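Letters go in sequence order (proteins before strands), and every chain restarts at 1. Values in this document were obtained by computation on a predicted structure and should not be read as measured data.
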Amino acid sequence: MDDLIADFVAECREMLESLGGEIVAWEAQPDDRARLDNIFRFVHTVKGNCGFFDFPRLEQLSHAAEDALADVRAGRRRADAPLVSAVLAIIDRIGEMVDVIARGEKLPEGDDSALIEALAEGAEAAQAPAAPVVGDTAKGAQAAAPRTIRLSVELLDRVMSGVSDMVLARNELARRLRDGNSDVAVDGAFERLSGIIAEMRDAITRTRMQRIENLFVGLPRMVRDLCGELDKQVLVDIDGGDVELDREMIEMIRDPLTHIVRNAVDHGIEKPVDRLKAGKREIGMLSVSARQSGNQILIDIADDGRGIDGKKLVEKAVAAGILEAADAAKLTAKERLQLIFEPGLSTAQRVTQISGRGVGMDVVRSNVERIGGIVELESRPGQGTRMTLRVPLTLTIIPALTVSIGNQHFAIPRSAIEEIVRANGESVALSRIGGAGVATIRGRRVPEIALADVLGLPSPLSDEERTLIVLKPAGGDVYALAVDRVHDHEELVVKPAAPAVMATGLYAGTTLADDGSPILLFDPAGLARVGGVRLEAQERSSRVAEESGASVKPGVSVLLFRSLDGARRAIRLAVVDRIEEVPSEAIQIGAGQLRVQLGEAILPLAGMETPPPPGEKTRIFRLNDGMMEIGLAFREVIDLSQIAAEVIPAQSPGLVQGVTLIDGQPAELIDAHWLFARFSNPAIASGRQPVCRLPEGDAWMQHMLRPIVEAAGYVVVSGEGDVEADLIIASDPGEPPAQEAERTLWLRSNPEAADADPRSIYRYDRAGLMMALKTAAGGVK
Amino acid sequence: MNELLLIVTIAEQRVALPAAAVESVVELDTLIPVPRAVPHVAGLSALRSRVLTVIDCMRSLELGVSRTEGLVEAAVVEVDGHHYALIVDSVEDVVEALSDPSPVRAAMGPGWERVSVGMVETEEGALLLVDVAALVLGAAEARAA
């Protein structure tokens with residue numbers, strides 16, 4: 001939060017500085033539209049930001065100034081001298097407040113009504129600001145040196161290209177040193193230099209890059225606050241926060257993104273009542289996602305609200321004089337929507353505190369276009385709006401895998417890689433269907449293309465000798481790419497390639513390898529396209545909707561293994577932390593049961609009856625329920641797989657929950673709940689709270705409790721859906737949803753808490769749990 | 001009037017490039033091919049920390065294929081923020097233009113016609129002034145555009 005405030009202050013100061021001249025010029029020439037727009041944007045930005053930061057005084061001031069200026073912009077009012085001085089007085093006051101915020105002090109209570117009243121039409125010329133924000137004492141603190149400086153990107157660029165050249169010079173020097181007579185002292189010094197250069201390159205590269213997460217992190221809070229004010233319910237779904245972007249870009253996108261999200265919540269998503277009437281779920285969905293596609297970063301903001309009414313836009317535009325009525329009739333549906341980007345136009349029925357009058361949109365577009373981006377708008381009445389910001393990938397660090405065909409190297413963005421398998425591996429089969437390649441990887445059929453064929457390069461290897469990289473491009477389906485050799489994972493600084501190279505559709509950019517030779521970075525979706533693989537685009541929103549529905553049961557990933565007594569068993573992958581191999585000395589009987597020592601921790605050990613003979617190594621799954629750990633001994637891992645078939649429950653509770661078919665053969669499914677219930681150590685568990693309260697994201701609930709509940713005859717739904725539940729299981733201490741408290745079962749992690757809610761049950765109290773499940777189930781019938 | 005020109009030889013023809021557009025003249029050592037790119041993109045090369053897209057000028061003019069083995073001379077230019085290396089037979093000298101470019105009335109080949117800005121007088125005689133961006137664009141793209 002402090003970072004955000006520092007950013008806000010820096011931004012305000014910067015704008016104030018550049019406004020300095022504008023204000024004076026505007027005073028001399030109140031009709032100057034461009035100056036008016038600049039000042040308007042300033043107050044608008046301040047207003048937008050302080051809604052987020054909770055600076056009510058700032059917000060009131062900027063909102064009042066914005067109102068008055070909007071009237072001027074819309075031609076409802078003339079900018080006369082009193083108005084100009086009133087606005088200037090407000091801007092001065094904002095400047096003072098920003099200084100107070102910069103010093104980290106709280107904004108004092110104060111009265112700004114005189115300033116605001118001065119804005120009213122016909123008001124007397126504003127007096128000199130009556131009450132200064134703070135006393136003189138605070139002025140001294142202003143001299144404190146700032147802890148950050150702002151640098152021009154150009155300077156950083158120069159430093160960066162200098163460092164890159166240094167790296168290349170180092171490599172050249174390294175070659176020379178290798179060839180020539182080597183002196184230990186020289187080598188040592190060179191090693192040091194080399195290390196320093198690498199570190200420096202890293203640091204300087206990072207200075208420009210920022211995870212886009214920084215941009216997203218404030219959104220859920222902002223949406224929540226907006227929902228509170230507007231009496232709406234909105235679920236925010238954020239994805240792709242780990243895309244890294246030029247810092248400058250992030251700053252440029254920050255405002256537009258905020259505006260769009262505000263607009264979506266304020267104007268897009270309807271009130272719960274209206275949503276129900278329209279046959280939608282009460283809770284609106286707002287999904288914000290970022291992904292890299294080709295040489296662009298795409299930021300999608302999609303809501304499932306009422307959409308944009310093109311007709312209304314046209315009416316407004318005609319009324320505002322932006323459009324001639326005759327021209328209006330000729331507009332296509334798409335062109336109508338584009339009207340939203342015209343300055344001074346809005347579809348909102350009334351002006352609200354939240355997003356104003358759609359003014360954001362012209363600012364949004366001009367900001368995005370200034371960095372060479374595009375704003376795309378797609379809207380279906382009644383179904384929602386999707387805004388896409390396409391921002392050029394000027395310079396990005398992408399974790400990538402380098403591969404080669406013949407002796408030429410290429411890079412593949414790691415984000416798109418699902419897995420890497422050898423074409424001649426056991427679980428892989430290659431076949432040709434009608435001339436097209438199909439790879440069967442552990443029972444899953446995926447289209448296969450050979451990179452050498454796509455590129456038309458000669459390759460000495462046959463199909464079976466290659467390595468398959470399973471790729472999942474953004475928004476598409478998986479396919480396998482056969483490459484000759486896989487080399488290394490590297491973080492590459494990617495730059496856009498020349499248009500003639502991009503025109504192939506295969507590449508996302510270029511980068512330099514450590515030896516200074518250029519490498520091409522593939523665009524996975526482009527490869528598939530050129531290779532003739534059809535990618536069925538998946539709509540994000542539909543996928544999200546499915547996940548929270550009751551009928552869809554996602555395939556559960558399990559680890560198939562052979563136990564010490566030779567049984568074929570499976571355990572849910574999510575509860576397995578990692579696999580360890582321990583010497584037999586580490587396994588001993590202690591406090592009545594087998595225990596294994598792993599590093600500094602001693603864990604209860606299951607899956608083994610007696611300590612192993614000395615000198616043998618035992619392999620152990622380290623299981624974790626988020627609070628405690630258990631070891632489970634096993635002989636070997638068979639494979640990773642998914643549960644697709646029904647689970648036939650076991651007769652009595654025990655280590656094995658039931659039997660199911662995995663890859664066509666029966667396997668016993670480990671009951672992780674039982675395991676933890678049996679071995680859990682109350683002393684360790686006491687006093688600690690579950691990490692997540694939302695059952696949807698609660699791994700324990702999903703992977704351990706869910707099977708029990710399902711075995712008791714329930715259908716399990718996750719998260720907040722519109723399906724009415726008969727029993728709600730929550731972890732304590734939760735905020736009780738009042739109307740649902742009677743049907744809610746609280747699970748606590750502490751067996752004997754004195755102050756525990758009497759309605760709650762210890763989460764490994766299997767009998768109590770079953771009883772509660774039965775009681776609730778009985779109540780329904 | 002006093003524009004400086006770089007005289008280079010492409011396909012055994014002496015032509016002039018505007019010297020202001022040429023950042024440097026380099027000898028290419030590495031050349032990484034770009035599979036599936038248009039033919040006149042000979043590949044990628046690196047100049048210090050920058051990636052250069054190497055343009056085969058003879059192919060761009062549809063006058064054959066430039067030599068890419070051995071010592072290859074190239075003029076580095078920037079077009080729309082991207083850096084290109086134009087492969088030329090040889091680089092000669094920088095001279096001063098003695099006239100503004102004037103239309104060439106003689107019949108040139110279609111390739112030259114496309115990249116021609118006009119004819120300029122120099123101390124070395126009349127030379128064809130070449131449009132760098134058109135050279136980079138290539139013949140196929142020019143037809144498509």
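- Smallest separation of non-hydrogen atoms from A/P518 and B/A46: CG-N, 3.9 Å.
- Looking at A/L455, the atoms closer than 4.5 Å to chain B (heavy atoms on both sides) sit in the backbone and in the side chain alike.
- Here the side chains of B/P35 and A/L520 are in contact, with some heavy-atom distance below 4.5 Å.
- The environment of B/R14 atom CZ is dense: over 12 non-hydrogen atoms of other residues, nucleotides or ligands sit within 6.0 angstrom.
- A pairwise comparison of heavy atoms in B/A37 and A/A500 identifies CB-O, 4.4 Å as the closest pair.
- Shortest non-hydrogen contact noted between A/D453 and B/R36 is O-NH2, 4.0 Å.
- Using a 4.5 Å cut-off between heavy atoms, B/V41 contacts chain A through its side chain alone, with no backbone atom that close.
- Among all heavy-atom pairs drawn from A/P499 and B/H82, the shortest one is CD-CD2, 3.7 Å.
- When the options B/L52, B/L44, B/I32, B/T53 are evaluated for a side-chain contact (heavy atoms from CB on, under 4.5 Å) with A/T510, the one that passes is B/L44.
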